[in-house]
Amino acid sequence: MVVSAPCEAQSSLPEQLEIIELTEPLHASLALLQGYWLEWLTAYHQRDRERAERLLDDIFTTMGELDVERLPDLSYGASLSAVQAARASDFGRASWALAAAERLDPGRPETAFAAATVARLEGRRLAALWQQLAGYLRLLRFPWEREILVQGALLWGLFSLVLSSALFVVLLASTKGARFYRDLVRLLTRRLPATAAKVTAAVILVLPLALPEGLLWLLLFWTIVFWGYSSRTERVVLVTVWLLLALVPEVVTRQRRHMAVMLSSPMRALENLALSRLEGSMLTDLGELRALLPESVAVKHLLADVHQRMGQRDFARSLYLDVIDAEPDNACAMVNLGAFYFHVADYTSAIQHFQRASGDDSVAALANFNLSQSYSASYLFAQSEEALRAARRLDEDGVSRWMKEASGERIITVDGGVERIDEIRRELRSAWNVIEAPVPFWRSVLDAASVGLVTIVAVLAVALEVVGRRKGFYAHRRRSSGRDAGDDEADRDDARSLVATLIPGAAAARRAEGLRAFGSLLPPVALLTLPLVTLLGYRIPWGFDPGSSVMWTVAVAGLLAYATSRVVRGLRA
């Protein structure tokens, strides 16, 4: 088996890709894996643990021949078997199925979530909760899943801010609406009877509801008409609300495009390659990657490494030659091409390629080590010793490690193409044509807002205040301190009010303390929406979904703590 070492990435140039094919030996190895797995399942159902362990060892031997370290599909199958055994109250068999799942794909969060299900079925609630938490901690170790989680958390945070902003405007209406209504009625009675003026004023106050997406327009309308009645801190929050409406749609659109790439099959294949995982759909996903980036030399280099790992050396050779044609100084491809010639006993060509690669500092030590092996195979022992000394001077520890690792094959290859995964990600993002899928209602509402619209809203708010002063509006407007005379008595009423205690931000809104009112709304809103994070964000495509039990636990505990603190403060007041 050829051992791989990391290598620096080179720049890419356009080139035509070849179709991914599988040789008969590779087909045979994959079929052997499937056969071993079916035999393992038979031994498992027959409760023959000793035979199952032997078959698992055979699976790992075949994995070594394919140069893969993880088999996620088989790990998921073992986890399913564990849960099925637990449902049949066979917890001993479930335990060793979970151990097999862990061996087949070490450290994955799905296995911990499956263990949590088994523990819950066994009645061990605390153990189940601990396994759930362990699954989330494991998730943080994997960059791809962690990125999806972070992006989902960002979307949840934006949603919480927008919803808190909407509720703040509702609070504003509850404290300013009566004043605006009285001023509007007083203005309308100059031309209309009193009853008609009151009805017209009420209709005007809710008129935007008649428009499409009426709730959004109503909230925007209220920010305009209540601007003139607001204190300084309330205006700060209103400006923040407008900025959110202007920026959030663009942020969500950009994120949606980013996540379309992140969740694509080719990106999933790249992550599996980086972790040396062999998923059933990986070769198909790589074919899709080739179709999306048909001129990428980085993709060609990656595919060459895949063929090299799986022992398809002829396919790898053709791809490495194309990479070197486009990138003559690509030392990583040069080393692996030299390895091909070594394996077919063309030692002269191998020596030439290793000599060319030895001029690159990133692989100089490794190229000299391979050069020494090629000289030795050609019976040029003096040159072999000289090349080995050169390799030791450059990397003594590396040479010792390679001599142990390459005791069978004698030649070390490099994962130059695999190390270009970040470069391929960037190319994929640039080339990806996003197919717009139906979006949830709340996202379409956010998309209705824009920078231009919010600018118009802000201008209208200021203009209405200027005109309103001339028409006798804002007679009861808050002073710059945000307080009216007589508010001390209102504060005492609020302190004794059950409504003010239970409704976040109500007392602060009554006192026209905008920042405090918004700050009181945000924590409970964020906690209430936390269990919906998977609906608001992006689902990680794993076998065992953890569900929302942990989110509900955190949300309920947080809300209870928040409500308790408010009640205690109210009682003290």
Side-chain angles (χ1 to χ4, degrees), residues 1-12 64 67-69 273-276 297-298 300-302 304-311 313 316-317 319-321 323-423:
M1 171 180 158
V2 177
V3 183
S4 296
C7 176
E8 295 289 333
Q10 307 288 331
S11 61
S12 65
D67 202 5
V68 296
E69 300 175 3
L273 282 173
L275 295 172
S276 194
V297 178
K300 178 172 287 190
H301 195 173
L302 174 70
D305 280 2
V306 172
H307 286 300
Q308 175 79 19
R309 282 182 171 190
M310 294 185 171
R313 295 191 178 109
R317 170 185 172 274
L319 290 167
Y320 284 132
L321 285 172
V323 171
I324 291 173
D325 284 342
E327 300 173 350
D329 296 328
N330 192 318
C332 296
M334 202 77 65
V335 166
N336 287 4
L337 193 55
F340 167 82
Y341 288 119
F342 182 91
H343 287 297
V344 297
D346 185 353
Y347 301 122
T348 300
S349 296
I351 289 170
Q352 290 174 354
H353 284 85
F354 292 140
Q355 284 176 334
R356 289 177 61 186
S358 64
D360 190 303
D361 292 340
S362 64
V363 294
L366 187 145
N368 275 289
F369 174 81
N370 286 346
L371 188 59
S372 72
Q373 304 299 306
S374 301
Y375 279 134
S376 179
S378 302
Y379 303 104
L380 300 172
F381 299 113
Q383 293 91 327
S384 175
E385 288 296 325
E386 182 181 350
L388 188 59
R389 284 194 299 271
R392 288 187 183 280
R393 285 195 301 269
L394 293 168
D395 190 353
E396 175 70 34
D397 294 338
V399 170
S400 300
R401 185 176 66 254
W402 297 328
M403 292 185 74
K404 293 178 182 178
E405 293 175 343
S407 57
E409 294 286 354
R410 300 174 62 189
I411 293 295
I412 304 294
T413 59
V414 290
D415 285 337
V418 174
E419 291 296 316
R420 300 177 75 165
I421 284 178
D422 286 340
E423 178 185 346

From [X] [atom1] over to [Y] [atom2], what is the distance, rounded to the nearest 0.5 angstrom?
{"X": "His301", "Y": "Ile324", "atom1": "NE2", "atom2": "CD1", "result": "8.5 Å"}
{"X": "Asn370", "Y": "Phe354", "atom1": "CG", "atom2": "CZ", "result": "4.0 Å"}
{"X": "Asn330", "Y": "Arg420", "atom1": "CG", "atom2": "CZ", "result": "6.0 Å"}
{"X": "Arg392", "Y": "Glu385", "atom1": "CZ", "atom2": "CD", "result": "9.0 Å"}
{"X": "Phe342", "Y": "Leu337", "atom1": "CZ", "atom2": "CG", "result": "14.5 Å"}
{"X": "Leu366", "Y": "Asp360", "atom1": "CG", "atom2": "CG", "result": "11.0 Å"}

Quick one: does Phe369's side chain get under 4.5 Å of Ile411's, heavy atoms only? no
Check whether any side-chain heavy atom of Arg313 sits under 4.5 Å from a side-chain heavy atom of His307, and report yes or no. no
Determine whether the aromatic ring centres of Tyr341 and Tyr347 lie less than 6.0 Å apart. no
Heavy-atom pair with the smallest gap, counting every atom of [X] and [Y]:
{"X": "Ser358", "Y": "Asn368", "result": "CB-ND2, 3.8 Å"}
{"X": "Ala274", "Y": "Val418", "result": "CA-CG1, 4.4 Å"}
{"X": "Arg309", "Y": "Asp67", "result": "O-CB, 3.3 Å"}
{"X": "Ser372", "Y": "Ser384", "result": "O-OG, 2.7 Å"}
{"X": "Val335", "Y": "Ala367", "result": "CG2-CB, 4.4 Å"}
{"X": "Tyr375", "Y": "Gln355", "result": "OH-NE2, 2.9 Å"}

Determine whether the side chains of Asp305 and Tyr320 contain a donor N or O and an acceptor N or O closer than 3.5 Å. yes
Using a cut-off of 6.0 Å, state whether more than 12 heavy atoms not belonging to Arg356 lie near its atom CZ. no
Is it true that Arg389 and Glu386 have a side-chain N and a carboxylate O under 4.0 angstrom from each other? no
